[in-house]
Chemist: 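First the structure, then my questions, so here it is.
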Amino acid sequence: MSVTSWFLVSSSGTRHRLPREMIFVGREDCELMLQSRSVDKQHAVINYDPTTDEHLVKDLGSLNGTFVNDLRIPDQTYITLKLSDVVRFGYDILFSTRAIQLLPSRKNFSTVNPLFDIPLSVKLRKSPAALLKKKKGLSMQEILFRQQQVEHLSCL
């Protein structure tokens with residue numbers, strides 16, 4: 001059995017695994033934290049759609065924008081990420097999308113199980129309610145989904 005995992009790969013070669021759940025991108029209190037003045041505190045959302053098995057990116061109304069293949073995406077609009085897309089947050093944070101097929105061994109099978117596949121960068125620094133209040137431009141569905149994720153993480 002193999003599992004295909006999606007990654008954002010920085011220009012320096014650092015890989016950031018895209019989990020099969022929604023993550024926030026920004027400078028503070030986000031699952032993918034980027035240190036750049038051109039990136040807002042809560043800059044964008046990358047969401048996973050299990051029905052289509054695709055990752056989608058949405059800008060949260062950031063000042064400097066989110067770009068896919070050098071085209072600025074409209075605020076509050078999801079754009080589907082494709083293999084080898086170049087994603088830019090603000091002016092200087094570049095990533096390209098990559099898919100890697102993993103062949104799990106019996107020892108590390110749980111590390112690729114989508115139910116337990118939580119990236120190392122996921123750390124709750126504040127209460128779930130405080131995190132949700134700070135997020136801007138989210139639909140009620142996204143907030144409810146986020147609350148379920150936080151409850152799931154707190155149970156692990």
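Excluded from the calculations below are hydrogen atoms, water molecules and symmetry mates; all remaining heavy atoms, backbone and side chain alike, are included.
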Chemist: Can you tell if the side chain of R98 reaches within under 4.5 Å of the side chain of S84, non-hydrogen atoms only?
Modeler: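 Side-chain contact under 4.5 Å: yes.
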
Chemist: Please verify the inter-ring angle class for H55 with Y48; under 30° counts as parallel, over 60° as perpendicular, anything in between as tilted.
Modeler: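 Aromatic pair H55/Y48 classed tilted.
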
Chemist: How far does CD1 of I93 sit from OG of S38, to the nearest 0.5 angstrom?
Modeler: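 With rounding to 0.5 Å, CD1 (I93) is 6.0 Å from OG (S38).
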
Chemist: Using the side-chain hydrogen bond (donor to acceptor under 3.5 Å, both in side chains) criterion, which residues pair with R15? Sequence neighbours excluded.
Modeler: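 In terms of side-chain hydrogen bond (donor to acceptor under 3.5 Å, both in side chains), with neighbours along the sequence ignored, R15 is linked to no residue.
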
Chemist: Do I23 and L34 sit in one hydrophobic cluster, given that two such residues count as connected whenever their side-chain heavy atoms are within less than 4.5 Å of each other, even indirectly?
Modeler: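 Yes, one cluster joins them.
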
Chemist: Do V45 and V25 make a side-chain contact, defined as non-hydrogen atoms from C-beta onward lying under 4.5 Å apart?
Modeler: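 In short, these two side chains do not touch, never coming nearer than 4.5 Å.
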
Chemist: Which heavy atom of G90 sits nearest to which heavy atom of F67, and what is that distance?
Modeler: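 Looks like O-CE1, 3.7 Å.
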
Chemist: Does a side-chain heavy-atom distance below 4.5 Å link L81 with L56?
Modeler: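 Of all side-chain heavy-atom pairs linking L56 with L81, none is under 4.5 Å.
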
Chemist: Return the CG to OG1 distance between D85 and T97, rounded to the nearest 0.5 Å.
Modeler: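 Separation between the atoms: 4.5 Å.
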
Chemist: If you look at every heavy atom in Q42 and D29, which pair is closest and at what distance?
Modeler: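 Result for this residue pair: NE2-CB, 4.1 Å.
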
Chemist: When you group the ILVMFWY residues by side-chain heavy-atom contacts below 4.5 Å and let the links chain together, are L83 and I79 in the same group?
Modeler: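 Same cluster: I79 reaches L83 through Ile, Leu, Val, Met, Phe, Trp or Tyr contacts under 4.5 Å.
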
Chemist: With heavy-atom distances below 4.5 Å as the criterion, would you say the side chains of T66 and R72 are in contact?
Modeler: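 They are not in side-chain contact.
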
Chemist: Between F89 and V87, which heavy-atom pair has the shortest distance, and what is it?
Modeler: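 Looking at all heavy atoms of both residues, the closest pair is CZ-CG1, 3.6 Å.
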
Chemist: Answer yes or no: is there a side-chain heavy-atom contact under 4.5 Å between F7 and L18?
Modeler: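 No, side chains not in contact.
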
Chemist: Do Y78 and L60 belong to the same hydrophobic cluster, where Ile, Leu, Val, Met, Phe, Trp and Tyr are linked whenever their side-chain heavy atoms lie under 4.5 Å apart, directly or via other members?
Modeler: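 They do share one cluster, since a chain of ILVMFWY contacts under 4.5 Å joins Y78 to L60.
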
Chemist: Do we see a donor-acceptor contact under 3.5 Å between the side chains of N64 and S62?
Modeler: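 The answer is no; no qualifying pair exists.
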
Chemist: Side chains of I46 and F24: does their closest heavy-atom pair fall under 4.5 Å?
Modeler: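 Not in contact.
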
Chemist: Quick check against the 3.5 Å criterion: does D59 have a side-chain atom that pairs as donor or acceptor with the backbone of T77?
Modeler: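 Such a contact is absent between D59 side chain and T77 backbone.
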
Chemist: Could you report the tightest heavy-atom contact between R27 and R37, atom names first, then the distance?
Modeler: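 Scanning both residues, the minimum pair turns out to be NH1-O, 4.1 Å.
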
Chemist: Between D70 and R88, does at least one N-O distance fall below 4.0 Å, as a salt bridge requires?
Modeler: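 Salt bridge flag = yes for R88 with D70.
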
Chemist: Would you compute the distance between atom CG of D53 and atom CH2 of W6 and round it to the nearest 0.5 angstrom?
Modeler: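 The CH2 atom of W6 is 9.0 Å from CG of D53, to the nearest 0.5 Å.
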
Chemist: Once rounded to the nearest 0.5 Å, what's the spacing between atom CE of M22 and atom NZ of K58?
Modeler: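 Going from the CE atom of M22 to the NZ atom of K58 covers 8.5 Å.
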
Chemist: With side-chain contact (heavy atoms from CB on, under 4.5 Å) as the test, pick out the partner of V68 among I73, V86, T80.
Modeler: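 Filter result, single survivor: I73.
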
Chemist: In terms of relative ring orientation, are H16 and F95 parallel, tilted or perpendicular, with 30° and 60° separating the classes?
Modeler: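 Ring orientation, 0 to 90° scale: perpendicular.
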
Chemist: Kindly give the heavy-atom pair with the smallest separation between D92 and S36, and that separation in Å.
Modeler: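 Minimum heavy-atom separation between D92 and S36: OD1-OG, 2.8 Å.
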
